[in-house]
Amino acid sequence: MKKRKLCADLEVSAIGLGCMGMSEFYGPTDDDESLRVLSRAADMGIDFFDTADTYGPHHNEELIGKFIRQSGANIKVATKFGIVRKPREYTREINNSTSYVRQSCEGSLRRLGIEQIDLYYVHRVDLNHPIEETMETLVGLIREGKIARIGLCEVNEETLRRAHAVHPITAVQTEYSLWSRGVEDNVLPACRELGIGFVPYSPLGRGFLTGRFQVDEEFEGGDFRASLPRFAHGAIGTNRRIADVIATMAQEKNCTSAQLALAWLLAQGDHIVPIPGTKRLKYLEENVLASEVILSKDECGVLEMAIKQLPIIGERYTPEGMKGVNA
Ligand SMILES: NC(=O)c1ccc[n+]([C@@H]2O[C@H](COP(=O)([O-])OP(=O)(O)OC[C@H]3O[C@@H](n4cnc5c(N)ncnc54)[C@H](OP(=O)(O)O)[C@@H]3O)[C@@H](O)[C@H]2O)c1
């Protein structure tokens with residue numbers, strides 16, 4: 001597996017593993033199969049696992065903790081704090097208060113069964129607390145050896161610069177893919193300028209860009225996508241044309257749509273490490289091979305131009321979810 005430097009002191013596999021779907025959001029889960037996926041990922045050289053305390057809550061961290069204990073695998077764990085939810089409910093609060101951050105960190109360390117979190121992200125910025133205050137709390141956790149590095153999710157450029165002025169940020173994690181390119185305006189250039197890594201989440205558009213969803217797709221009970229505007233029945237028909245463009249170029253490149261979507265992200269910069277999510281071995285094995293697919297600048301341009309001409313129906317979150325992004 002190829003490696004990439006997210007920042008000066010963090011080198012990881014060029015493709016990481018998003019573990020969220022092993023606990024919830026995308027239909028039924030099976031812990032035994034998820035443990036096999038985690039194990040196979042480590043065997044294939046993926047050493048950057050992404051989780052959060054709110055996934056499950058807290059099932060995802062417990063699952064990864066179990067995997068680490070059972071396997072002793074040498075992986076880098078990225079986890080997150082700040083989204084407070086009750087089990088099986090999507091309604092949430094954002095909390096970045098010092099006492100909550102400290103309590104969350106202790107909980108994550110305990111569930112993961114590790115002494116230090118390799119990368120600790122602010123999952124969502126809490127507008128009741130200045131980012132400088134949150135950063136000071138996190139710097140305290142670094143001094144105590146409980147976390148090694150700090151990351152930020154879904155921040156705007158100003159918040160990123162203010163945070164980075166307090167302590168170097170290792171990575172920004174925000175949704176980024178062929179149908180969600182908002183970060184290209186300000187955040188991605190700022191990351192490049194400041195030497196901050198970028199971790200695109202939902203790099204496959206929550207599975208949409210792989211072309212697997214049909215116009216009349218019925219999502220299984222509890223599948224979060226059923227609530228998302230881009231996956232609404234009225235939107236899927238139009239949005240599917242984006243997946244069709246990707247499928248056509250994938251065929252030309254002799255790869256799958258998922259591999260092409262990931263290869264396009266990898267081609268956007270050496271500091272970019274996508275974290276495709278899956279709970280299935282077959283998808284994992286397919287996605288890992290994306291690092292072998294090389295897209296030239298011209299090929300990226302053709303793909304971008306073809307997609308640019310198509311409308312994208314719907315925001316990436318509900319109005320409530322959109323309140324937490326670009327903060
Ligand atoms: N910071 C944040 O706010 C935030 C938000 C969302 C996600 N994340 C992180 O980012 C990770 C990745 O994002 P994501 O899981 O939301 O979206 P994603 O990686 O874009 O897509 C995941 C979906 O695509 C499917 N899939 C994966 N590989 C496939 C393939 N080769 N062919 C067909 N379908 C495929 C998966 O199926 P199966 O489920 O059937 O395996 C799953 O339903 C998450 O696991 C999580 O760790 C962070």
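Computed from a predicted model, the values in this text were never measured in an experiment. Remember, it's 1-based here, ligands and their atoms both numbered in the order they're listed.
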inquiry  = Between E33 and K279, does any NZ, NE, NH1 or NH2 come within less than 4.0 Å of an OD or OE carboxylate oxygen?
reply    = no
task = Ignoring hydrogens and angles, tell me if any N or O in the side chain of E292 forms a donor-acceptor pair with the backbone of L289 under 3.5 Å.
result = no
query = Salt bridge between E157 and R161, side-chain N to carboxylate O under 4.0 Å?
reply = yes
task = Among all protein heavy atoms, pick out the one at the shortest distance from atom 29 (C) of ligand 1; state its residue, atom name and that distance to 0.1 Å.
result = Y283 CG, 3.4 Å
request  = Can you pull out the closest protein heavy atom to atom 48 (C) of ligand 1? Residue, atom name and distance to 0.1 Å, please.
outcome  = Q173 OE1, 3.0 Å
task = Could you tell me whether a side-chain N or O of S180 sits under 3.5 Å from a main-chain N or O of Y176, the two making a donor and an acceptor?
result = no
ask   = What part of N287, side chain from CB on, backbone N/CA/C/O, both or neither, has a heavy atom under 4.0 Å from ligand 1?
value = side chain
message = Check this for me - ligand 1, R124, N or O atoms closer than 3.5 angstrom, yes or no?
response = yes
request  = Indicate yes or no: does E217 engage R240 in a salt bridge with an N to O separation below 4.0 Å.
outcome  = no
note = On a heavy-atom basis, the closest approach of I272 and L265 is CG2-O, 3.8 Å
key: Option nearest atom 16 (O) of ligand 1 (shortest heavy-atom distance, choices Y26, F25, F213)   = Y26
Any Y121 heavy atom less than 4.0 Å from ligand 1 = no
query = Short question: side chain of Q259, backbone of E286 - any donor-acceptor pair under 3.5 Å?
reply = yes
request  = Report the part of S202 (side chain from C-beta onward, or backbone N, CA, C, O) that has a heavy atom under 4.0 Å from ligand 1; answer both or neither where that applies.
outcome  = both
task = Would you mind telling me if ligand 1 is within reach of the side chain of E286, the backbone, both or neither, using heavy atoms under 4.0 Å?
result = side chain
key: Short N or O distance, R280 and ligand 1, threshold 3.5 Å exclusive   = yes
request  = Look at K66 together with E62 and state whether they make a salt bridge at an N to O cut-off of under 4.0 Å.
outcome  = no
inquiry  = So that I can tick it off, tell me whether K146 and E106 are bridged by a salt bridge, with the cut-off set at under 4.0 angstrom between side-chain N and carboxylate O.
reply    = yes
Nearest candidate to atom 37 (O) of ligand 1, where distance is taken over non-hydrogen atoms, out of K282, R316, R212 = R212
query = Looking only at heavy atoms, is any part of S257 under 4.0 Å from ligand 1, and if so is it the side chain, the backbone, or both, or is it neither?
reply = neither
ask   = Mind checking whether Y317 and F224 have parallel, tilted or perpendicular rings, split at 30° and 60°?
value = tilted
request  = Could you tell me whether G21 and ligand 1 have an N or O pair separated by under 3.5 Å?
outcome  = no
inquiry  = Please classify the R225 to ligand 1 contact at 4.0 Å (heavy-atom distances, strictly less than): side chain, backbone, both or neither.
reply    = side chain
request  = Kindly say whether G314 contributes a backbone atom to a donor-acceptor pair with the side chain of R230 at under 3.5 angstrom?
outcome  = yes
message = As a check for students: among G16, G277, G207, identify the option with a heavy atom nearest to atom 36 (C) of ligand 1.
response = G277
inquiry  = Quick check: D50 and ligand 1, any N/O pair under 3.5 Å apart?
reply    = yes
query = Are any of the side-chain nitrogens in K282 or E285 under 4.0 Å away from the carboxylate oxygens of its partner?
reply = no
key: Heavy-atom nearest neighbour of atom 33 (C) of ligand 1 within options T51, T278, T210, I83   = T210
key: Shortest protein contact, atom 44 (C) of ligand 1 (heavy atom only)   = M20 CB, 3.6 Å
Contact (N/O only, under 3.5 Å) between L204 and ligand 1 = yes
task = Test E11 against every option in R4, K3, K76 by the side-chain contact (heavy atoms from CB on, under 4.5 Å) rule and name the one that passes.
result = K3
query = Using heavy atoms and a threshold below 4.0 Å, how should the contact between H123 and ligand 1 be classified: side chain, backbone, both, or neither?
reply = side chain
Heteroatom distance test (K80, ligand 1): nitrogen or oxygen, under 3.5 angstrom = no
query = If you measure from each heavy atom of E154 to ligand 1, is any distance below 4.0 Å?
reply = no
